[in-house]
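No hydrogens, no waters, no symmetry mates; every other heavy atom, side chains included, goes into these values. We count ligands from 1, going down the list as the structure has it; atoms in each ligand are counted the same way.
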Amino acid sequence: MSPPRALVTGGAGFLGSHLCDALLGEGYLVIAVDNLLTGRKANLQHLRHDTRFDFRELDINQPFDCGKVDYVFHFACPASPVDYMQHGIDTLKAGSLGTLHALEIARKYGAKYLISSTSECYGDPLEHPQKETYWGHVNPIGPRSVYDEAKRFSEALTMGYHRYHKVDTRIVRIFNTYGPRMQLNDGRVVPNFMKQALRGEDLTVYGDGSQTRSFCYVSDEIDGFIRLSKSDEHQPVNIGNPTEFTILECAKQVLEVTGSKSKIRNEPLPQDDPKQRCPDITKAKTLLGWEPKVDLKTGLKMSLEYFKAAAQ
Ligand code: UDP
């Protein structure tokens with residue numbers, strides 16, 4: 001029997017490329033597609049001689065077809081606030097047109113489907129920690145709405161294809177994730193602080209740094225995706241680390257791990273920046289037997305070599 005074929009949209013991105021590695025490890029033949037708007041070929045360099053792997057540069061906002069596949073992993077979308085605000089229209093298109101085209105492929109070939117959604121669906125949450133049943137508190141017209149609403153729409157479209165077209169879908173709500181292959185300049189807090197610390201620049205803490213996030217190391221996150229891909233759950237599942245840190249605490253951990261003498265400097269808090277974010281992972285635990293293993297300090301240490309090389 002020939003091995004199953006998986007399509008990964010956004011395969012040259014931070015999470016997409018790690019997912020390609022994991023799927024090859026699971027015995028899939030992998031086709032990665034990416035328009036390289038925010039993804040980078042460098043993330044897939046190590047696979048260039050692997051005959052089980054195929055990369056195609058294309059834009060999923062146009063209809064496309066890479067032949068019969070057994071699984072569609074839809075991960076294409078700018079994902080850092082700096083990126084999605086710079087590429088607002090492309091982000092809205094990835095959530096709508098891109099998601100439609102990815103779902104059409106799953107429908108055409110009877111493939112299973114998993115979409116990367118986000119904790120941003122919860123917006124600036126009024127419920128804490130966030131359970132999958134929480135409907136969220138999102139500004140539909142604010143600067144982050146190009147991402148938040150695109151992802152909320154892509155969840156609705158996914159559930160629509162599941163209900164009306166019987167596509168075998170899954171939705172993962174991803175919380176803040178970090179690790180090697182993150183772009184140094186994508187503006188997210190971990191690469192920003194690592195870059196600043198390693199270059200001896202001030203760490204820019206937005207606001208007073210009391211806002212919280214919960215950081216998941218990339219290997220834990222990918223393990224959650226693989227487990228969800230094998231499950232029959234169609235409703236969204238949170239995958240993220242439930243240990244919550246203030247952004248100031250995160251800055252201090254980065255200083256400790258890098259041994260940097262950089263100072264902390266406060267800058268204005270961006271509009272609609274969520275004040276707190278922490279997943280309730282009861283569902284992932286019970287349903288998938290999943291929970292993260294790597295704490296923030298360990299994950300930062302495991303990422304250090306990558307960030308050192310990138311910051312040079
Ligand atoms: N942040 C910060 N300094 C930075 C980058 C980000 O204080 O140099 C803050 C940001 O305001 C937010 C948190 O860190 O409260 C996480 O931001 P990120 O862009 O990583 O992702 P988000 O969780 O907001 O999507």
Exercise for review: Specify side chain, backbone, both or neither for Arg277, according to which of its non-hydrogen atoms lie closer than 4.0 Å to ligand 1.
Suggested key: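 Only the side chain of Arg277 comes within reach of ligand 1.
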
Point to revise | Part of Gln196 within contact of ligand 1 (heavy atoms, under 4.0 Å) | key: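 The answer is neither.
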
Review point. Pro81: heavy atom below 4.0 Å from ligand 1, yes or no?
Key: yes

If you measure from the Lys or Arg side-chain nitrogens to the Asp or Glu carboxylate oxygens, is any gap between [X] and [Y] under 4.0 Å?
X	Y	value
Glu233	Lys283	yes
Lys112	Asp70	no
Lys297	Glu256	yes

Point to revise | Residue pairs involving residues 27-50 (criterion salt bridge (charged side-chain N to carboxylate O under 4.0 Å, His left out); sequence neighbours excluded) | key: Asp50-Arg52

Check your understanding: Got a sec, which pairs hit salt bridge (charged side-chain N to carboxylate O under 4.0 Å, His left out) with one end in residues 100-109, sequence neighbours left out?
Key -> Asp65-Lys108, Glu104-Arg107

Do me a favour and list the nearest non-hydrogen protein atom to [atom] with residue, atom name and distance?
atom	answer
atom 21 (O) of ligand 1	Asn176 ND2, 3.7 Å
atom 3 (N) of ligand 1	Thr204 O, 2.6 Å
atom 7 (O) of ligand 1	Tyr206 N, 2.8 Å
atom 13 (C) of ligand 1	Ile247 CD1, 3.5 Å
atom 22 (P) of ligand 1	Arg144 NH2, 3.5 Å
atom 11 (O) of ligand 1	Asp273 OD2, 2.7 Å
atom 8 (O) of ligand 1	Asn192 ND2, 2.8 Å
atom 17 (O) of ligand 1	Val189 CB, 4.1 Å

Exercise for review: Check whether any N or O atom of Gln211, backbone or side chain, sits under 3.5 Å from an N or O atom of ligand 1, and answer yes or no.
Suggested key: yes

Check your understanding: Arg188 to ligand 1: N or O pair under 3.5 Å?
Key -> no

Exercise for review: Assign the ring pair Tyr217 / Tyr178 to parallel, tilted or perpendicular, where the plane angle (0 to 90°) is split at 30° and 60°.
Suggested key: perpendicular

Point to revise | Subset of ligand 1 atoms that lie under 4.0 Å from at least one heavy atom of Val205 | key: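 Heavy-atom distances to Val205 below 4.0 Å select 7 (O).
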
Exercise for review: For Glu120, take its heavy atoms, then give the atoms of ligand 1 lying under 4.0 Å from any of them.
Suggested key: 25 (O)

Review point. How close do Leu288 and Ser231 get, heavy atom to heavy atom, and via which atoms?
Key: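 Between these two residues, the closest heavy atoms are CD2-CB, 3.7 Å.
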
**Study point:** His137 atom NE2: more than 12 heavy-atom contacts under 6.0 Å
**Key:** no

Exercise for review: Answer with yes or no after comparing the ring centroid distance for Phe53 and Phe55 against a 6.0 Å cut-off, counting only values under it.
Suggested key: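 Centroid separation for Phe53 and Phe55: 6.0 Å or greater.
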
Practice item. Any chance you could measure Phe73, atom CZ, to Ile115, atom CD1, to the nearest 0.5 Å? Key: 13.0 Å

